[in-house]
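Here is the structure we will look at, set down as structure tokens.
Just so you know, residue 1 is the first one in the sequence shown, and it goes up from there.
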Amino acid sequence: MSAQEEFFAGISKIPYVPNAGPADVMCFKHYNAEEVFMGKTMGDWLRFSVCYWHSFCGTGADPFGFQTLHRPWNEGTPMEAAKKRVRAAFEFFTKLGVKYYTFHDRDMAPEGSTLEESNRNLDEITDVALQLQNQTGVGVLWVTCNLFAHSRYMNGAATNPDCHVLAYAGAQVKKGLDIAKKLGAQNFVFWGGREGFHSILNSDVGAELKHMANFFKMAVQYKEKIGLNCQFLIEPKPKEPCKHQYDYDAMSVIAFLKHYDLEKHFKLNIEPNHTTLAGHSYEHDIVMASSFGMLGSVDSNTGSPDLGWDTDQFPMDIRNTTLVMKTIIEQGGIQPGGLNFDAKVRRESTDLVDLFIAHIGAMDAFARGLRNAVRIIQDGLLSGLVKERYSSYSHGLGQRVDDGSATLEDLEAYIKQNGEPKVTSGKQEKYETIFNHYI
Ligand code: XUL
Ligand code: CO
């Protein structure tokens with residue numbers, strides 16, 4: 001990379017400096033990619049990914065204010081900017097030391113005036129991305145198609161009342177899958193921002209859900225046809241931009257997938273800011289998806305608990321990262337998914353270096369979460385208490401309830417013989433106090 005092409009001059013590869021002081025925010029104090037925990041390196045447990053849209057396309061504009069972030073790579077014609085952007089992005093990935101990135105088709109290359117032109121733009125810029133991937137070893141965690149920004153999608157993409165629009169979305173996804181194959185993407189995400197409704201009065205919900213399921217089936221067929229070896233992921237979100245989105249939360253998506261016989265082909269990409277928008281606690285959907293064997297990847301971010309918005313902040317809370325990592329370790333890892341920072345610096349954080357500080361801070365928050373979760377799991381105190389709490393299911397009648405062989409008559413006979421159960425304390429505060437010991 002020649003000197004004038006350097007966008008983050010003066011910043012070199014971010015080092016691990018475990019005993020750095022509190023003011024030193026340009027090094028990792030906890031994230032040490034090569035350190036091994038429970039048989040895997042920290043890098044393999046965490047599989048960090050940087051997202052293109054917030055970090056390289058974001059302008060800081062919000063519904064009340066104009067652009068605040070003026071990035072040197074977003075200058076010139078849309079195609080000139082796309083070429084600079086891809087170079088800036090790879091410089092950032094390698095200096096930060098992450099192995100993965102994520103993007104929407106339209107982040108990578110601008111939409112043209114026809115599908116053919118959009119596809120040519122994408123071909124041209126992904127040629128450069130592929131070259132940079134090969135040079136740096138950075139790969140694609142996931143690709144997705146932007147099926148929500150263009151005005152044609154205002155009434156939905158796969159759930160649009162007009163099949164002409166659905167067809168456009170299908171053509172776009174077909175190309176997205178080709179690009180995923182070209183770049184060796186490990187996952188492909190569907191986020192249905194406009195798949196929902198604003199008014200139930202003008203919506204045929206049954207038809208829309210069926211069309212969305214059939215759309216996914218077409219995507220599965222095409223993926224198999226081209227031999228694309230990647231995991232499909234659906235990203236739940238309850239609202240924003242629609243008043244109601246069909247992929248409301250983890251349980252709604254799992255029920256949808258099972259209803260339409262699609263569950264073998266998909267897992268979930270859980271974004272905690274979406275989980276809290278659905279009225280759940282931060283870790284809720286991570287835990288729910290994982291307990292159904294459906295946690296595929298995480299869009300690692302946070303909202304502000306006091307706001308009902310999707311603010312996409314960098315995850316900095318150690319309690320949250322500890323709970324996420326505990327779940328990920330318990331399911332044996334998140335591969336081929338990862339921890340993608342679907343997060344944006346605040347529109348007031350206008351320095352280029354703030355992009356580094358934000359990612360470093362969040363990576364360190366997850367490294368601490370991993371270290372804490374490993375200690376919780378290896379000590380076995382919490383899991384021992386939980387095991388004991390459910391111990392009545394390990395023998396006798398409980399075991400038969402657990403394996404599904406007990407009947408209501410068996411339960412009645414048991415009560416007639418054993419009478420009233422004695423109450424047992426749930427001891428929530430004890431668990432919380434023990435958890436706090438580790439963070
Ligand atoms: C929107 C969101 C998206 C998806 C990809 O809230 O999270 O950026 O992750 O389309
Ligand atoms: Co997301």
Would you say that [X] contacts [Y] through its side chain, given a criterion of any heavy-atom pair below 4.5 Å between the two side chains?
{"X": "H198", "Y": "C242", "result": "yes"}
{"X": "I334", "Y": "L295", "result": "yes"}
{"X": "E224", "Y": "H265", "result": "yes"}
{"X": "N301", "Y": "P272", "result": "yes"}
{"X": "V98", "Y": "M363", "result": "yes"}
{"X": "D62", "Y": "T68", "result": "no"}
{"X": "D299", "Y": "I270", "result": "no"}
{"X": "C145", "Y": "F188", "result": "yes"}

Among K344, K237, K239, exactly one meets salt bridge (charged side-chain N to carboxylate O under 4.0 Å, His left out) together with D310. Which residue is that?
K237
Closest non-hydrogen contact found for A82 with A109 is CB-CA, 4.4 Å
Closest approach of D105 and L122, non-hydrogen atoms and distance?
O-CD1, 3.4 Å
Do NZ/NE/NH1/NH2 and the carboxylate oxygens of [X] and [Y] come within less than 4.0 Å?
{"X": "R152", "Y": "E111", "value": "yes"}
{"X": "K217", "Y": "D261", "value": "no"}
{"X": "E91", "Y": "R87", "value": "no"}
{"X": "R371", "Y": "D364", "value": "no"}

When you check the side-chain N and O atoms of [X] and [Y], is any donor under 3.5 Å from an acceptor?
{"X": "D354", "Y": "S349", "result": "no"}
{"X": "N121", "Y": "S118", "result": "no"}
{"X": "D342", "Y": "W53", "result": "yes"}
{"X": "Q313", "Y": "S304", "result": "yes"}
{"X": "Y246", "Y": "E208", "result": "yes"}
{"X": "E195", "Y": "Y153", "result": "no"}
{"X": "N160", "Y": "Y168", "result": "no"}
{"X": "K182", "Y": "T126", "result": "yes"}
{"X": "Q131", "Y": "Q135", "result": "no"}

So [X] and [Y], would you call those rings parallel, tilted or perpendicular, with 30° and 60° as cut-offs?
{"X": "F8", "Y": "F92", "value": "tilted"}
{"X": "F190", "Y": "F216", "value": "perpendicular"}
{"X": "Y31", "Y": "F28", "value": "perpendicular"}

Aromatic ring centroids of [X] and [Y] under 6.0 Å?
{"X": "W45", "Y": "F366", "result": "no"}
{"X": "Y260", "Y": "F256", "result": "yes"}
{"X": "Y101", "Y": "F93", "result": "yes"}
{"X": "F48", "Y": "F341", "result": "yes"}
{"X": "H104", "Y": "Y52", "result": "no"}

Under the side chain to side chain contact (heavy atoms under 4.5 Å, CB included) criterion, do C230 and Q186 qualify, and how do the steps go?
CA-CA 5 Å; C230 80; Q186 301 202 13; 5.6 Å; no
[Y] backbone acceptor or donor facing [X] side chain under 3.5 Å:
{"X": "T159", "Y": "G156", "result": "no"}
{"X": "K95", "Y": "I11", "result": "yes"}
{"X": "N146", "Y": "F148", "result": "yes"}
{"X": "D247", "Y": "V253", "result": "no"}
{"X": "Q67", "Y": "L69", "result": "yes"}

Atom pair [atom1] ([X]) and [atom2] ([Y]), whose distance is rounded to the nearest 0.5 Å:
{"X": "K40", "Y": "Q335", "atom1": "NZ", "atom2": "CD", "result": "4.0 Å"}
{"X": "E235", "Y": "S297", "atom1": "CD", "atom2": "OG", "result": "9.0 Å"}
{"X": "K99", "Y": "T94", "atom1": "NZ", "atom2": "OG1", "result": "14.0 Å"}

Should D249 and H280 be marked as a side chain to side chain contact (heavy atoms under 4.5 Å, CB included) after you check the CA-CA gap, both sets of side-chain angles, and the distance that decides it?
CA-CA 9 Å; D249 62 1; H280 303 306; 2.8 Å; yes
Can you list everything that forms a salt bridge (charged side-chain N to carboxylate O under 4.0 Å, His left out) with E283? Sequence neighbours excluded, please.
R319
Could you go step by step and tell me if V140 and T102 meet the side chain to side chain contact (heavy atoms under 4.5 Å, CB included) rule?
CA-CA 6 Å; V140 177; T102 56; over 6 Å; no
Under 6.0 Å from the six-membered ring centre of F232 and within 45° of its axis: does the NZ or CZ of K223 meet both?
yes
